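Just follow the structure's listing: the first ligand is 1, and inside any ligand the first atom is 1. Treat the numbers as computed from the prediction; the structure is a model and nothing was measured.
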Amino acid sequence: MNEAAITLDGWYALHDLRSMDWTSWKMVSNEERQAAVDEFHVYLEKLQKADDEKTGSHAFYTIVGQKADFMLMIMRPTMDELQELESEFNKLAIADFTIPSYSYVSVVELSNYLAGESTEDPYQNPYVRARLYPELPRQQYICFYPMNKKRDGEDNWFMLDMDKRKELMRAHGLIGRGYAGKVKQIITGSVGFDDFEWGVTLFSEDILQFKKLIYEMRFDEVSARYAEFGSFFVGTLLDGDKKTAFFNI
Ligand code: VOV
């Protein structure tokens, strides 16, 4: 009988990716555009308030390439709050000029593969809490993609026994540790919530570190043998004046 990993679950996450309908956006007056941007900024300030009060977190990035123009990643203690915030965004004037490109629903997840023996309640451990309820960094670059672990003939992650999965995850963790200080990763679980099993969100000040990390992991058994990937989205931080400049015509 196989043993499912025990997960600790933190904040719920919505990755909301939109393209701009630039043609329509160009057709409205400067005043109308300004009012829509101002209204959106009030919405972003509301999101930021939750960051400040540590009751949630968000990240706002442009996406490079044609898959989307921007991504708003929002984390909250409940899925209901995400739904409300999504609905609130959809009612903003600016939403009329966006085209939904992709979305991903998941929850921050830590597994027990590498956890030591302990009798304490992990939800009270400050290190664990910082990972379950993370403050999304304002680093220059983001990389997001969904992924599965394969169930394909001999290569079936879910048929491996716990000890084997622990061994493989240890090797995975060691590679990841080599990127400490260069890449911050947030793993969100999405079994039962979305089309893939996990969402991988990476932050860095150096975009090339995403390629180096992911390439190195491709040669590691967990990825080489068992991983399959959805679409990759990379982008740059929209903060300060860039939040306004992005919408300028
Ligand atoms: C900064 C890089 C980094 C680091 C340090 C790191 C470490 C760790 C640890 C210690 C653990 C296990 C315990 C836990 O914390 O849950 C994980 C877990 C996981 N990872 Fe990871 N990972 C990284 C980075 C990292 C990347 C780049 C990817 C994508 C793989 C690739 O080929 O593109 C990934 C995937 C995952 C997944 C899907 C899981 C959950 C697997 C499951 O079956 O449950 N991960 N990961």
Asks: Okay, side chain of R129, backbone of Y123: is any donor-acceptor separation there less than 3.5 Å?
Replies: yes
Asks: Which atoms of ligand 1 are found less than 4.0 Å from any heavy atom of K149?
Replies: 41 (C), 42 (C), 43 (O)
Asks: I'd like to check which ligand 1 atoms, numbered from 1 as shown, lie under 4.0 Å from a non-hydrogen atom of V183.
Replies: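 Result: 1 (C).
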Asks: For atom 13 (C) of ligand 1, find the nearest protein heavy atom and state the residue, atom name and distance (0.1 Å precision).
Replies: S111 OG, 3.4 Å
Asks: Examine Y141 together with F210 and report whether their ring centres are nearer than 6.0 Å.
Replies: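 They do not qualify: ring centres at least 6.0 Å apart.
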Asks: Given I175, L114, N148, which has its nearest heavy atom closest to atom 10 (C) of ligand 1?
Replies: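 The option holding the nearest heavy atom is L114.
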Asks: Determine whether the side chain, the backbone, both or neither of M147 has a heavy atom under 4.0 Å from any heavy atom of ligand 1.
Replies: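 The part of M147 near ligand 1 is the side chain, not the backbone.
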Asks: Any side-chain donor paired with an acceptor under 3.5 Å for Y113 and R165?
Replies: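 Short answer, yes.
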Asks: Output the list of atoms in ligand 1 that are nearer than 4.0 Å to some heavy atom of F229, sorted by atom number.
Replies: 31 (C), 32 (O), 33 (O)
Asks: Can you name the atoms of ligand 1, numbered from 1 with element, that are less than 4.0 Å from a heavy atom of S223?
Replies: 30 (C), 31 (C), 32 (O)
Asks: In the protein, which heavy atom is nearest to atom 29 (C) of ligand 1, and how far is it?
Replies: Y145 OH, 3.0 Å
Asks: R131 heavy atoms, cut-off 4.0 Å: which ligand 1 atoms fall inside?
Replies: 15 (O)
Asks: So, do Y226 and W198 have ring centers that fall under 6.0 Å from each other?
Replies: no
Asks: Which residue and non-hydrogen atom of the protein lie closest to atom 40 (C) of ligand 1, and at what distance in Å?
Replies: W198 NE1, 3.7 Å
Asks: Provide, to 0.1 Å, the distance between atom 26 (C) of ligand 1 and the closest protein heavy atom, together with that atom's residue and name.
Replies: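 Checked against all protein heavy atoms, atom 26 (C) of ligand 1 sits closest to M217 SD, 3.5 Å.
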Asks: Taking ring-ring contact (aromatic ring centres under 6.0 Å, His included) as the criterion, tell me which of F246, F247, F97 meets it with F40.
Replies: F247
Asks: Under 4.0 Å from a heavy atom of L110: give me the atoms of ligand 1 that qualify, with their elements.
Replies: 15 (O), 16 (O)
Asks: Surrounding CD of E205 (heavy atoms of other residues, nucleotides or ligands, distance under 6.0 Å), is the total greater than 12?
Replies: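 Check passes, neighbour count above 12.
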Asks: Would I187 end up clustered with M79 when hydrophobic side chains under 4.5 Å apart are linked, directly or stepwise?
Replies: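 Cluster IDs for I187 and M79 differ.
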Asks: Identify which protein N/O/S atoms are less than 2.8 Å from atom 21 (Fe) of ligand 1.
Replies: H172 NE2
Asks: For the residue pair H15 and S103, confirm or rule out a side-chain donor-acceptor distance under 3.5 Å.
Replies: no
